[in-house]
Amino acid sequence: MTDSFAPREVHGKPSSDRVRQLKQAYLEAPLMVDIEYIRRLTESHRRTDGMEVLERRAEDHAYALEGLTPIFHPGERIAGHKTRFIRGAIPYANYAAGPFLREMRRQQQDAQQKYVDLGEGGGVQHARREAEGGDSEVFSGKFLISRDELAEFRGICEYWEDKCLMEAGDRLWKTSFPGAGFIEDGWTIGLFTAPHDPCPEGRIVLDFRAALSRGYLALIAELEQRIATFRPGGPMGPDLHFWRASLRSLRGALVLAARYAAEARRLAAAEASPIRRDELLAMADACDQVPARPPRNFREAVQSFWFTYLLGHLEGAHLGYSPGRLDQTLFPYFRDDPSATWEDAVELAEELFVKMTRIEYIASMSWQGLGHGNLYQNLILGGLNSLGEPADNLLSKAFLQAQINLQMTQPTLSIWWHPTLSDGFLRTAVECVKTGVGYPAFFNLETYVRHEAAVTGLPIEVIRENAAMGGCTEPTLEGMSYGVVQAGFVNQGKLLELAMHDGVDPVTGVRMFPPCHPTTYDDVVGSFQDKMHVAVRNWQQYWNYVMLAHRQTVPLVFCSIFVRDCLGRGRCMDDGGAVNNRTPTTLSSGLVNVANSMAAIRKVVFEDRAATFAELQSALVANFEGHEALRKRLVNAPKWGNDDETVDRVFLDLFDDYVNWAADQRNYLGEPYDPSMLAISTPVPFGKACGAFPDGRLAGQPLADGVTSPFPGTDQNGPTAVLRSSIKVDHTRIRGGLLNLKFHPTALAGESGAQNLLALIKTYFEGPSFHVQFNVVDSHMLKDAQAHPDRYRDLVVRVAGFSAYWVEMSRALQDQVIERTEHSL
Amino acid sequence: MIPTAPSKTTGVVFDVQHYAVHDGPGIRTLVFLKGCPLRCAWCCNPESQGAGPELRHARVRCRGCLRCVAACPAGAVTPGQDRLPVFDRDSCVRCADRPCVEACPSDALSVCGATMTADQVVARVAKDRAFYRNSGGGVTFSGGEPLAQPDFLAACLEGCRDEGISTAVSTSGYAPSEVLLRIAPLVNLFLFDLKLADTQEHLKWTGVPNDTILANLGFVATNVPVIVRVPLVPGCTDTPANLAGLADIIASIGVSQVNVAPAHGMGISKYADLGRDVPLDVIPPTRSSLLEAVFAFRSKGLICDAF
């Protein structure tokens with residue numbers, strides 16, 4: 001059986017030659033750094049010293065937009081690119097110049113870098129190959145940059161070195177915050193993810209519905225009116241600077257659209273093919289119309305969405321910036337356009353998705369590794385309308401069909417699950433799951449509505465209508481929520497180690513806490529919780545300093561225009577202009593390992609008395625070498641994911657304590673932090689930073705993935721038992737959640753397989769559960785793909801809240817996906 | 001329905017699998033009862049055949065540390081020539097606390113089969129109640145031969161019925177007719193194996209003739225929905241004559257649905273783990289012979305699929 005494996009049941013093809021070529025061009029392209037935007041931004045910033053912060057930010061951004069080269073790749077019908085390249089990233093030196101400079105100086109970028117692995121294949125390999133003997137160099141591990149631009153970029157980074165967000169933030173907290181030493185030591189030992197300043201934006205969805213239906217000219221008129229009638233009225237009133245800055249941003253945006261229109265006409269004049277000429281002229285017309293005015297048809301609606309999406313994306317270093325409920329945003333234009341067909345919708349969606357996948361990000365290597373190259377653009381489908389009726393429509397299905405055909409890593413598709421959604425839509429969703437790409441992920445709408453109603457007090461109908469996903473598995477209210485949320489993580493596994501080893505990190509020897517000598521099981525748990533409390537509190541405070549520095553250096557102006565009610569209140573998001581300021585989260589991962597470890601300690605040390613606490617400590621330090629019998633006892637203790645009441649209760653108690661504690665402190669905007677648990681790629685670097693655990697996990701092994709996913713190999717009672725454990729976790733108390741299930745393709749085969757999967761999801765979502773996603777792939781195939789990456793260039797698998805091209809994943813992450821327990825029967 | 005009293009009836013179960021999707025409709029839990037009167041040459045679950053718990057030594061996991069040799073109080077484990085332990089199953093005294101299993105650091109040793117009460121089985125099955133409700137699923141008792149533990153099976157079925165759980169029994173059909181009389185009213189669906197149409201062939205490959213089985217199928221099919229399952233074993237059950245013969249029998253009895261189950265060699269290593277010789281080197285059927293078999297049944301007007 002090792003040399004054969006079950007194929008994935010569904011394997012789609014792009015719906016046209018046009019899309020096939022666009023996808024192929026993507027697969028063959030190297031990853032590039034594009035300095036055009038940051039060059040213009042820096043040029044402006046050198047001149048704007050002395051301007052008020054918001055107006056300066058808007059001026060610099062608008063000036064940069066006005067100089068971007070309009071790019072049209074062959075065959076595409078939607079205008080607008082973030083960079084000049086097929087796969088390009090903008091290095092936002094205004095956010096964090098330090099890591100780039102340290103890279104150029106061949107220094108370690110940050111303390112976390114040693115824990116993070118990058119992938120080797122695909123576009124990374126293309127970049128490395130092209131760098132060999134050419135005029136270009138590999139930069140930041142996987143990007144290609146020309147030598148000339150690299151030299152210029154060095155100058156840009158040197159300019160920003162003392163002005164960027166990261167430096168401004170560091171200056172603040174390192175000199176004022178008593179917990180600064182704890183944070184820095186925490187980075188050294190892998191207690192926290194690396195500084196997040198290089199890509200702090202995102203987890204946000206703009207108000208695309210308003211952007212389309214009103215058009216920028218109407219917004220400009222509104223702003224002119226507001227400015228004309230403004231009278232200074234003290235610090236509590238609207239901020240005139242924000243309105244002036246917004247006006248400048250919108251005008252810059254329209255210049256960029258006009259440049260695209262002109263370029264399309266120039267290309268049309270030189271175009272030999274009459275068909276392509278007409279396409280280019282149609283694009284020119286569309287760029288004249290939108291985003292300035294409301295779209296006149298479906299195609300212009302797509303173009304208008306894409307411009308606003310892109311312009312917001314250009315402003316900041318985003319991760320998790322998302323299109324939101326695009327099936328809802330675009331459907332009125334599709335419905336009212338007599339010439340728009342199903343085939344048009346699918347093909348245009350495919351083109352749009354290729355464009356989204358082309359956006360790359362470059363940050364510190366640590367964050368490149370944590371995000372694994374994925375921008376977490378999350379497009380969520382289905383859900384309910386404000387009246388509580390099922391909202392899935394023809395476009396919802398068209399977007400699923402487009403990804404069945406394409407299987408690109410972005411955008412990741414999600415479903416707001418509700419029992420009233422149509423069967424046809426849900427079955428198309430399962431078809432997409434069966435391709436093996438790992439999406440759509442399924443999210444329980446009712447759980448989120450209850451969470452958001454409890455924390456914001458907003459009416460249910462407002463939450464239903466605006467519920468979206470801002471990033472991997474993090475829900476948000478689209479067009480009305482603050483976006484610079486904390487995306488750094490606390491490593492719960494490391495806290496466990498500190499509790500096990502008297503407050504000293506056993507890997508580095510760094511002392512983080514005073515000595516503690518637990519003598520009872522409750523002591524051990526209490527010691528862990530005390531340490532978690534200190535770590536979380538420091539982490540939250542640290543981030544508040546970064547948010548303050550963000551306001552002073554890179555406040556989001558353009559994005560604020562499209563977040564209610566910034567314009568009405570005359571305040572940008574950084575000043576609390578959003579309706580919902582409860583979005584900053586406190587993230588952690590690894591709690592499953594902590595719960596498993598606590599259950600094992602209780603059983604083996606305090607109940608069976610098979611080892612003393614000191615013996616356990618030495619076994620952990622020795623990574624169980626010479627302590628195999630003890631390890632076996634620990635491994636055989638109850639484990640999360642089997643619906644075992646003893647260990648599940650441990651998890652739930654730890655979860656409760658974390659949630660209560662994390663919500664106990666306020667964010668920079670004065671609202672309580674929202675507790676959350678996610679994963680992204682943290683289980684791999686967090687695990688790498690940790691020694692052996694009392695649950696039998698060996699040193700360096702990744703932690704359990706997701707939030708409620710069992711540790712690989714420990715769920716021995718099938719997927720229903722995993723769900724029965726996970727369903728006990730009250731996800732209405734947190735913003736997020738993540739459960740991975742891996743199925744062998746035969747377990748979901750055919751129509752009955754689809755029905756059973758839908759029944760499984762329905763059952764899980766009858767409880768206060770939040771998320772589930774599926775890898776449907778034969779592990780033998782993944783092993784074959786490790787051995788023969790060249791045969792699997794377009795294989796996509798689910799990692800955490802995102803999917804990735806297999807060949808571009810690090811070996812460690814590949815191993816983690818292979819080792820997840822595969823459910824088959 | 002008046003709930004039946006809690007059942008302390010015990011039986012031997014060798015596995016419980018959740019989210020089974022190929023043994024009846026919807027999401028099901030499969031309960032494997034230990035012990036089988038047949039000895040099918042292609043059996044992929046040899047650990048299911050003996051009636052009591054059995055020691056299994058997974059040779060692929062064994063590191064040859066021989067801690068089991070020292071742990072055994074009866075001297076039933078000795079070092080073999082390849083440094084792997086050899087188990088003298090006749091000398092094994094079946095200690096309750098399993099010192100050899102406990103001593104094994106690599107989980108190569110395990111005991112197949114555990115004694116459970118019917119209540120325990122029902123409680124375990126009932127945990128997935130919500131999954132059955134949403135998928136139209138339920139419980140399937142398999143084996144071994146579940147009819148070989150009639151009291152225990154009846155108690156389990158009654159308990160499941162009291163819980164509102166739909167029941168299926170996967171059987172070889174080889175049992176006294178009074179057992180089927182007693183069990184059938186408690187079952188919503190029978191998955192009934194038919195292997196060979198000719199009784200001599202049946203005796204040769206399974207160790208028993210097929211007359212009782214066919215009589216039982218006739219009785220069951222008039223009372224309870226039945227799906228007949230035919231294992232497709234190259235060289236044993238896949239001859240055109242056998243398939244045609246089976247199709248005639250099935251059609252004449254009035255069953256309309258047949259599943260063809262291709263044999264696989266995945267159970268072969270387990271024979272060595274149990275200290276037994278492999279009775280038949282099973283080769284999976286080719287795709288075309290699988291399709292031919294399906295066609296053989298469809299041509300007789302039967303609804304037939306393979307998986």
Side-chain angles (χ1 to χ4, degrees), chain A residues 1-2 4 6 419 608 610 624-636 641-645 696 713 715-725 727 741 743-744 746-767 769 821-825, chain B residues 15-32 60-61 63 65 67-68 70-71 98-99 101-110 123-140 142 259 262 264-269 284 287 305-307:
Chain A
M1 289 301 288
T2 48
S4 70
D608 297 352
F624 294 113
E625 274 178 43
H627 303 267
E628 285 78 12
L630 176 57
R631 176 161 184 256
K632 181 175 173 175
R633 283 181 172 276
L634 295 164
V635 166
N636 288 342
N642 295 289
D643 191 17
D644 180 311
E645 190 51 30
D715 47 328
Q716 300 185 333
N717 289 294
T720 58
V722 175
L723 295 174
R724 280 189 263 113
S725 279
I727 206 168
L741 287 180
F743 281 98
H744 193 271
T746 54
L748 302 182
E751 172 62 21
S752 63
Q755 292 297 349
N756 287 337
L757 188 73
L758 288 172
L760 182 102
I761 295 165
K762 182 176 197 294
T763 310
Y764 183 48
F765 284 172
E766 283 172 352
S769 42
T821 306
E822 181 170 283
H823 299 294
S824 63
L825 270 175
Chain B
D15 200 5
V16 179
Q17 290 181 354
H18 296 271
Y19 203 77
V21 292
H22 298 311
D23 298 274
I27 297 172
R28 311 192 73 84
T29 298
L30 266 177
V31 181
F32 293 90
V60 288
R61 288 194 180 178
R63 298 189 303 211
C65 71
R67 286 181 203 188
C68 45
R98 315 280 181 203
V101 175
E102 286 297 312
C104 177
S106 44
D107 290 329
L109 281 177
S110 58
R124 176 87 186 263
V125 168
K127 283 188 164 198
D128 275 346
R129 185 190 288 114
F131 294 93
Y132 313 144
R133 187 182 64 226
N134 285 327
S135 68
V139 63
T140 300
S142 181
N259 286 340
H264 52 79
M266 288 190 283
I268 281 182
S269 66
R287 184 159 174 75
D305 276 308
F307 51 75

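Small disclaimer: the values here were computed from a predicted structure and weren't measured. Below, chain A is the first sequence line, B the second, and so on; all start at residue 1.
- Arg28(B) and Thr140(B) are linked by a side-chain donor-acceptor pair at a separation below 3.5 angstrom, with hydrogens and angles left out of the test.
- Using a 4.5 Å cut-off between heavy atoms, Ser752(A) does not touch chain B at all.
- Among the residues in residues 755-763 of chain A, those with a non-hydrogen atom closer than 4.5 angstrom to a non-hydrogen atom of chain B are Asn756(A), Leu757(A), Ala759(A), Leu760(A), Lys762(A), Thr763(A).
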Show me the donor-acceptor pairs within less than 3.5 Å that the side chains of residues 628-636 of chain A make with the rest of the protein, sequence neighbours left out.
unit_1: Glu628(A); atom_1: OE1; unit_2: Gly626(A); atom_2: N; d: 3.4
unit_1: Glu628(A); atom_1: OE2; unit_2: Gly626(A); atom_2: N; d: 3.3
unit_1: Arg631(A); atom_1: NE; unit_2: Gly696(A); atom_2: O; d: 2.7
unit_1: Arg631(A); atom_1: NH2; unit_2: Gly696(A); atom_2: O; d: 3.0
unit_1: Lys632(A); atom_1: NZ; unit_2: Val101(B); atom_2: O; d: 2.8
unit_1: Lys632(A); atom_1: NZ; unit_2: Cys104(B); atom_2: O; d: 2.3
unit_1: Asn636(A); atom_1: ND2; unit_2: Lys632(A); atom_2: O; d: 3.4

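- Identified under the salt bridge (charged side-chain N to carboxylate O under 4.0 Å, His left out) test for residues 129-138 of chain B, with sequence neighbours left out: Glu766(A)-Arg133(B), Arg129(B)-Glu163(B).
- Open room surrounds CD on Glu625(A); 12 or fewer heavy atoms of other groups in view lie less than 6.0 Å from it.
- In summary, the side chains of Asn717(A) and Asn642(A) do present a donor paired with an acceptor at a separation below 3.5 Å, with no hydrogens or angles considered.
- For Thr29(B), the side chain to side chain donor-acceptor pair (under 3.5 Å) test picks out His18(B), Tyr132(B), with sequence neighbours left out.
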